[in-house]
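What follows is a single structure, written as structure tokens, with notes after it.
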Amino acid sequence: MDQSGETTAAPAAETGRVENRDGTLADRYGRMVDYVRLAVTSACNLRCVYCMREEHSVHNPGSELLSRKEIQRLLGVLAGFGVEKVRFTGGEPLLRNDIADLVHDAASIPGIGTVSLTTNGVLLDRYLDSLLAAGLKAVNFSLDTFDRHRYREITRRNLFDRARDNLEMLLGYHEELKIKVNVLLMRGINTAEIRDFVELTRNRPVTVRFMELMPFDDHQIWRTGRFMGYDRILRELQQLYPELQPVRGTATEYYSFTMPGHRGMVAIIPAFTRNFCSRCTRLRITSAGRAISCLYSREGIELLPALRSGADSSEIRRLLYEAVDSKPRDGRHAGGSAVGTSMSEIGG
Ligand SMILES: Nc1nc2c(ncn2[C@@H]2O[C@H](COP(=O)(O)OP(=O)(O)OP(=O)(O)O)[C@@H](O)[C@H]2O)c(=O)[nH]1
Ligand SMILES: C[S@@+](CC[C@H](N)C(=O)[O-])C[C@H]1O[C@@H](n2cnc3c(N)ncnc32)[C@H](O)[C@@H]1O
Ligand code: SF4
Ligand code: SF4
């Protein structure tokens with residue numbers, strides 16, 4: 001039986017590949033999908049220059065948004081496949097006022113071990129208590145600067161004080177939650193702040209991750225010479241902290257370091273260079289219910305029609321197999337061009 005209460009279906013012959021005997025979801029290259037990133041909305045309360053236009057229009061009106069029930073059903077089927085980790089993202093996931101319910105539902109599914117959130121943190125004061133009570137295990141907080149004016153330039157919104165206060169509040173919960181800070185480094189914009197971010201790790205067990213810019217922004221700030229590759233980021237880090245010690249991190253944290261005297265860790269995410277694809281065990285689901293097998297692929301499998309037309313779980317399973325089966329070897333072999341669409345659609 002899967003989490004939806006139905007008997008596990010026979011091998012997914014329609015996809016031309018065979019389901020593992022234990023029912024887990026492996027792609028053509030033997031990577032087992034155990035991590036699902038679900039965008040719960042494509043709307044956002046910020047307008048980061050590398051992500052959204054000022055006049056960004058939300059591509060999925062309410063009626064096309066996966067509902068709480070639909071999300072619960074999908075995650076149940078995915079847990080039946082061996083998915084253990086769920087990340088809610090967006091757009092800004094805290095714009096869903098049922099976000100704590102979504103976390104609670106997901107955390108209640110047998111087999112789901114970690115429910116986490118990637119957020120800009122602006123609304124975290126409103127939800128943190130209920131998220132903790134709901135079973136949230138980890139928060140990745142995106143903040144690119146500690147300078148109020150620069151924050152406004154990057155996000156086009158005047159919400160720095162609230163974001164900074166909420167990060168400070170969150171850091172107080174490091175015993176209850178695994179906390180990471182995502183910093184998108186842009187040459188000539190926030191590179192002088194690397195040290196300030198690394199200092200967050202001195203007295204707290206948090207991971208600060210410096211990220212490469214990717215060409216997913218619908219007005220292409222990408223083309224303006226702001227990109228900083230992992231090699232350059234690494235050089236800057238080594239100049240500031242010659243005592244960096246490499247350690248093995250998660251898949252995205254391909255370059256991870258500890259430092260003597262620091263409780264936390266520092267990492268570089270080579271999101272554009274894409275040298276961690278062989279360890280990619282992710283499946284993405286957009287807020288409109290499209291399953292996407294690679295961040296760099298715009299092709300996907302629509303799940304919403306099946307979910308809305310009363311399809312049984314074996315049909316949902318077949319569609320998810322189809323999505324996983326299309327997973328490219330790596331992000332450089334992804335079909336279709338993702339460039340030019342906003343990351344808010346895909347969830348990062
Ligand atoms: N190329 C690529 N980049 C990714 C992928 N997943 C995440 N990233 C990058 O990593 C950034 C941070 O992602 P998060 O949402 O914090 O999630 P995560 O890195 O999976 O987090 P952990 O599970 O804590 O390691 C994203 O904005 C992307 O830049 C991926 O599958 N491929
Ligand atoms: C799309 S956002 C969604 C969640 C939430 N709104 C946030 O900002 O954390 C997820 C992550 O994608 C990153 N991101 C957005 N656009 C990007 C781009 N063009 N290149 C690299 N990372 C990007 C953000 O910095 C953020 O850490
Ligand atoms: S990166 Fe996150 S906070 Fe910034 S505009 Fe995109 S979705 Fe919103
Ligand atoms: S680029 Fe595609 S294959 Fe590579 S890690 Fe990202 S999602 Fe996975």
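Any value given below was found using the heavy atoms of this structure, including those in side chains, with hydrogens, waters and symmetry copies removed. Keep in mind that this is a model prediction, so the values were computed, not measured. Counting starts at 1 for both ligands and their atoms, following the listed order.
The two residues Arg31 and Ser278 make their nearest non-hydrogen contact at CD-O, 3.6 Å. Across all non-hydrogen atoms, the minimal contact from Pro328 to Tyr29 is C-CE1, 3.8 Å.
In this structure, a donor-acceptor pair under 3.5 Å is present between the side chains of Glu92 and Thr119. Under the 3.5 Å distance criterion, with hydrogens and angles disregarded, no donor-acceptor pair is assigned to the side chains of Thr273 and Asn275. For the 3.5 Å distance criterion, the side chains of Thr191 and Glu236 fail to qualify, holding no donor opposite an acceptor.
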May I have every N or O pair linking ligand 2 to the protein at under 3.5 Å, one per line with atom names and distance?
| residue | atom | partner | partner atom | Å |
| --- | --- | --- | --- | --- |
| ligand 2 | 6 (N) | Gly91 | O | 3.0 |
| ligand 2 | 6 (N) | Glu92 | OE1 | 3.2 |
| ligand 2 | 9 (O) | Thr119 | N | 3.4 |
| ligand 2 | 9 (O) | Thr119 | O | 3.3 |
| ligand 2 | 9 (O) | Ser142 | OG | 2.6 |
| ligand 2 | 19 (N) | Tyr50 | O | 2.9 |
| ligand 2 | 19 (N) | Met214 | O | 2.9 |
| ligand 2 | 19 (N) | Phe216 | O | 3.3 |
| ligand 2 | 20 (N) | Met214 | N | 2.8 |
| ligand 2 | 27 (O) | Ser142 | OG | 2.8 |
| ligand 2 | 27 (O) | Asn182 | ND2 | 3.4 |

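One finds a salt bridge joining Glu322 and Arg318 here, because a Lys/Arg side-chain nitrogen approaches an Asp/Glu carboxylate oxygen to under 4.0 Å. A salt bridge is defined here as a Lys NZ or Arg NE, NH1 or NH2 lying under 4.0 Å from an Asp or Glu carboxylate O, and Lys85 with Asp34 fails to meet this definition.
Taking a cut-off of under 4.0 Å to the non-hydrogen atoms of Lys180, the atoms of ligand 1 that pass are 22 (P), 24 (O), 25 (O). Listed by atom number, the atoms of ligand 1 under 4.0 Å from Met214 heavy atoms are 28 (C), 29 (O). Within ligand 1, the atoms closer than 4.0 Å to a non-hydrogen atom of Tyr296 are 1 (N), numbered from 1 in the order shown.
Of the heavy atoms in Arg284, only side-chain atoms (C-beta onward) come closer than 4.0 Å to ligand 1. Only the side chain of Phe276 comes within 4.0 Å of ligand 1, counting heavy atoms alone; its backbone N, CA, C and O stay farther away. In Asn182, the part holding a heavy atom less than 4.0 Å from any atom of ligand 1 is the side chain.
Considering only non-hydrogen protein atoms, atom 1 (N) of ligand 1 sits nearest to Ala271 O, 3.0 Å. Looking from atom 26 (C) of ligand 1 to the surrounding protein, the closest heavy atom is Gly348 C, 4.2 Å. Atom 9 (C) of ligand 1 has as its closest protein heavy atom Ile269 CG2, 3.8 Å. Closest to atom 20 (O) of ligand 1 among all protein heavy atoms lies Tyr35 OH, 2.7 Å. Looking only at heavy atoms of the protein, atom 3 (N) of ligand 1 is closest to Leu295 CD2, 3.5 Å. Nearest protein neighbour of atom 11 (C) of ligand 1, counting heavy atoms only, is Met211 SD, 3.5 Å.
Judged by the 6.0 Å and 45° rule, Arg195 forms no cation-pi pair with Phe197.
Judged by the shortest distance from any of its heavy atoms, Thr89 lies outside the 4.0 Å radius around the atoms of ligand 1.
Taking each of Asn275, Leu117, Thr252 in turn, the one with a heavy atom nearest to atom 8 (N) of ligand 1 proves to be Thr252. Among Arg37, Arg282, Arg87, the residue whose heavy atom sits closest to atom 22 (P) of ligand 1 is Arg87. Selection from Lys178, Lys85, Arg209, Glu212 by nearest heavy atom to atom 18 (P) of ligand 1 gives Arg209.
Put simply, the residue from Arg68, Arg73, Lys69 that forms a side-chain hydrogen bond (donor to acceptor under 3.5 Å, both in side chains) with Asp105 is Arg68. Each of Arg87, Lys180, Arg37 was evaluated against Thr118; a single residue qualifies, Arg87, per the side-chain hydrogen bond (donor to acceptor under 3.5 Å, both in side chains) test.
Geometrically, ligand 1 and Met343 share no nitrogen or oxygen pair separated by less than 3.5 Å. Geometrically, ligand 1 and Thr118 share a nitrogen or oxygen pair separated by less than 3.5 Å.
Ring pair Phe227/Phe272 is perpendicular by interplanar angle, where above 60° counts as perpendicular and below 30° as parallel. Relative orientation of the His262 and Tyr241 rings is perpendicular, given thresholds of 30° and 60° on the angle between their planes.
For Arg202, the salt bridge (Lys or Arg N to Asp or Glu O under 4.0 Å) partners at least two apart in sequence or on another chain are Glu199. Legend: residues meeting side-chain hydrogen bond (donor to acceptor under 3.5 Å, both in side chains) with Asn190, ordered by chain and number and at least two apart, are absent.
Note that OG1 of Thr258 and CE of Met265 are 7.0 Å apart. Values are rounded to the nearest 0.5 Å.
Ring-centre distance between Phe81 and Tyr321: below the 6.0 Å cut-off.
Within a 6.0 Å sphere centred on NZ of Lys137, heavy atoms belonging to other residues, nucleotides or ligands number 12 at most.
Protein N/O/S atoms nearer than 2.8 Å to atom 8 (Fe) of ligand 3 total 1.
Considering only heavy atoms from C-beta on, Leu171 comes within 4.5 Å of Leu167 through its side chain.
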